[in-house]
Amino acid sequence: MIAKVIVDVPAKQTDRAFDYLVPESLEDVIKPGVRVIVPFGPRKIQGFVVGFSDRSEFTGLKEIIEPMDLTPVLNEELLGLGDWLTEQTLSYKISAFQVMLPAALKAKYEKKIMLRKSIDLLPEELQFLFEKNDTIIWNEAGGHLAQLQKEATKGNVEVLYEVKERVKKKKLKHISVKVSKEELITHREQLAANAEKQKVLIDFFIENPKSIEQRELLSILDVPATTIKSLVKKGLLLEEDLEVYRDPYEDRVFEKTQPLTLTLEQEKAISPILATLEENKQKVFLLYGVTGSGKTEIYLQSIQRAIEMGKEAIVLVPEISLTPQMVKRFKGRFGNEVAVLHSGLSSGEKYDEWRKIERKEVKVVVGARSAIFAPFENLGIIIIDEEHETSYKQEDNPRYHARDVAIERANFHQCPVILGSATPSLETFARAQKGVYEQLNLPKRMNNQALPSVEIIDMREELREGNRSMFSRALIEGLKDRLEKKQQIVLFLNKRGHSSFVMCRDCGYVDNCPNCDISLTYHRFSQQMKCHYCGYESYVPSKCPECNGEHIRYFGTGTQKVEEELGKVLPEARVIRMDVDTTSRKGAHEKLLNDFQDGKADILLGTQMIAKGLDFPNITLVGVLSADTMLHLPDFRSSEKTFQLLTQVSGRAGRHELPGEVIIQTYTPEHYSVELAATQNFDHFFEREMMIRRAHQYPPYYYIALITVSHENVAYVASTTDKITKFVQSKLSKEASVLGPVASPISRIKNRYRYQCLIKYKREPDLNGTLKTILEHYQQETVSKGLQISIDVNPYILM
DNA sequence: AGCACGCCGACT
DNA sequence: GTCGGCGTGCTC
């Protein structure tokens, strides 16, 4: 039998199946989707079995060394999905497989040198290396590598390549009963009168025939471990090492919740979903409902139905660690039928959650983007909450969008997909308008709470009237008022595209990264200037390096700066600051939120991360310090993102009895995305934005694809990009427009110059073929000259 | 990606 | 004459 194996070498030349003989002894274990260790040249590497054949065009096939799994880690569906991903994103097969699995399953390689013959045969200066051990790891050899290689050709030492598992399954000793209850009873009667401890033990197992961890058993019964051993020896009990899971939510109690009675509107929205579920059909729904309109309850009850039908559910939420409240709701309803996957978990914890899914111990998975690959085999429903979130698009290879994967998987399982949002992406909303997706509306907040009143403050006006602070007079008034009333405030700082940089006031010099075409970001925490892209660090200049002027200072508003200013204006206010610095520690995020909920602070000050999921009754004022900082980014989606963010932040206020107020500070109050966010008028925004997208040939009217070329040599990059652009132009139809070559918005990263070519198209059946041709054509130059070509067929970030 | 093989410059 | 530079091509 010959196995087709995709090897763990992410390169164009090895992006195909290699043939290996399956040793007879392994024939039962080697199945498609099993990871194996195979010889590859002089090394051993990991690979995925994807199929079988009885013949091969190669002679002298090597044998598979050993399997790494006893059951496949990828089932038929996921193997097929891997092919689809490869095709869609133009990535390597191996990368597609690896992205579907927890990182813990990725192989680690170790290179070692082993002594083969007597140590005396080695030159004296090498002997010390092997004095303690006859095997050393490659790096320990230090400066003796060349000599050792010579020894290797003589056969005195051998170079070993090993594939190592990244995770150890956590195993603990468990004890269970091996015989029937009757036998236990008979045996107990035969015991000597003084065998007290054994009797205690047998009594316990007569009562509790379930398997139990030895440690726990010992703590309950006060019998020595030797007693257990002796009963094991007699064949009454069974001792085995069972896998235990690291449960990140182990010591937490989730209050059990019951399904709520749905409102009339919720009823109306859920019934088409349930119908589709029961008919076993693939269908995509847009659940379009303002914040607080009860989308989650619809998710929960749809899942409930899927579970009742014996099926499973995937729920995607944007970066879940940020919404402990969401986890609480799912765990509360479905208890330990829920697995949670998010970036805050260690790789071991992620692996354990994944194992629960694989072993069918859970029915629901709640997780971030990659949870879309959960290895369920009987999927009943897929839910993507906050559908418009850009984090659903992976920004490195394979550059997939979770929404596309969801629809593809739903197609396989013939099940519904629910895209939920208060501010859908234009793509999704346009599809719903066209009837490609079915739109379900939840137009009202639960209990008919009024939407918060929104006031837009023109900061230019403030400046004109002599207010130079970062807080408008209206906001200060609002803050003072809430402090007096003992109500809570959320202050939101839109930080994207708004890093703190250092500039000289005399000559205008900006402290830039020497390797990248971007200004350095000021980090007060470490008193350093850091580059976002390459990690370059330097100290804050005290004098201008250009003109020697002393008036060099940092610009831009960081959360720390706001906190400081706040302290000056309102010294009595208690502030909790949430940003990367204060939430990097594990669990810090949740703790800060809990403190705020418990009323330990009056003001919650933060960035993006506080925009979502906050639902505290006492918040009555939301202040947006600078609404338009990302409006001017070179990105056609910037208006959409601004609108979404402002709408979302506004939704944090007045979600319960107390009425809410929102104050938005901006320098461009007339911009439609600011204006319309203030009135929460998505439909109007949609119309406006669609006109602009149509005029500029952007999605959803056109598809786009972005080719980015990078190299250390500018001229080389420019000319290569030019050739590529011309080639693309020649291959596509008249309706497509190919823009470029132009320098990328960030024209240099890590000393590599970047040029790009943007393709806008409506229907180009052979686009992927053309793009593949480019990758193949430049393959040699990629290897020999260090050229890099990256292609993103549906980019979310155009930089 | 690694690694070996192979063909040209500066050294014992 | 040899050590070692890294260009080229292969890995079932």
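In the text below, chain A, chain B and the rest are named by the order of the sequence lines, each starting its count at 1. Here the structure is a predicted model, which is why all the values come from computation and not from measurement.
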Considering every strand and a 4.0 Å limit on heavy-atom distances, what is the contact class for A:Tyr92: base, sugar-phosphate, or nothing?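 Since no nucleic acid heavy atom lies under 4.0 Å of A:Tyr92, the category is nothing.
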Just to be sure I understand the rule, does A:Lys111 reach a base, reach only the sugar-phosphate, or reach nothing, if contact means heavy atoms closer than 4.0 Å?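 The residue A:Lys111 makes sugar-phosphate contact but no base contact.
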Can you name the salt bridge (Lys or Arg N to Asp or Glu O under 4.0 Å) partners of [X], sequence neighbours left out?
| X | answer |
| --- | --- |
| A:Asp722 | A:Lys726 |
| A:Lys360 | A:Glu377 |
| A:Glu110 | A:Lys112, A:Lys164 |

For [X], check side chain to side chain contact (heavy atoms under 4.5 Å, CB included) against everything at least two apart and list the hits.
| X | value |
| --- | --- |
| A:Phe18 | A:Val7, A:Thr14, A:Arg16, A:Tyr20, A:Phe40 |
| A:Arg116 | A:Met114, A:Glu158 |
| A:Asp766 | A:Thr770 |

Have A:Glu77 and A:His413 got a donor and an acceptor in their side chains that come within less than 3.5 Å? yes
Sequence neighbours left out, what passes ring-ring contact (aromatic ring centres under 6.0 Å, His included) with A:Phe376? Give chain and number order. none
What residues, two or more places apart in sequence or in another chain, satisfy ring-ring contact (aromatic ring centres under 6.0 Å, His included) together with A:Tyr400?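 Testing A:Tyr400 for ring-ring contact (aromatic ring centres under 6.0 Å, His included), a comparison that skips the adjacent residues, returns A:Phe373.
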Covered region of DNA chain B, 5' end to 3' end, by chain A [heavy atoms, under 4.0 Å]: B:dA1 to B:dC3
Considering only heavy atoms of chain A and a distance under 4.0 Å, specify the first and last nucleotide of DNA chain C in 5' to 3' order that meet this criterion.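 Counting from the 5' end, contacts occupy C:dC10 to C:dC12.
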What pairs of residues pass the side chain to side chain donor-acceptor pair (under 3.5 Å) test when at least one of them lies in residues 787-799 of chain A, not counting sequence neighbours?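 Residue pairs with at least one partner in residues 787-799 of chain A: A:Lys393-A:Asp792.
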Sorted by number, the residues of residues 8-47 of chain A with heavy-atom contact under 4.0 Å to DNA chain B: A:Val9, A:Pro10, A:Ala11, A:Gln13, A:Pro42, A:Arg43
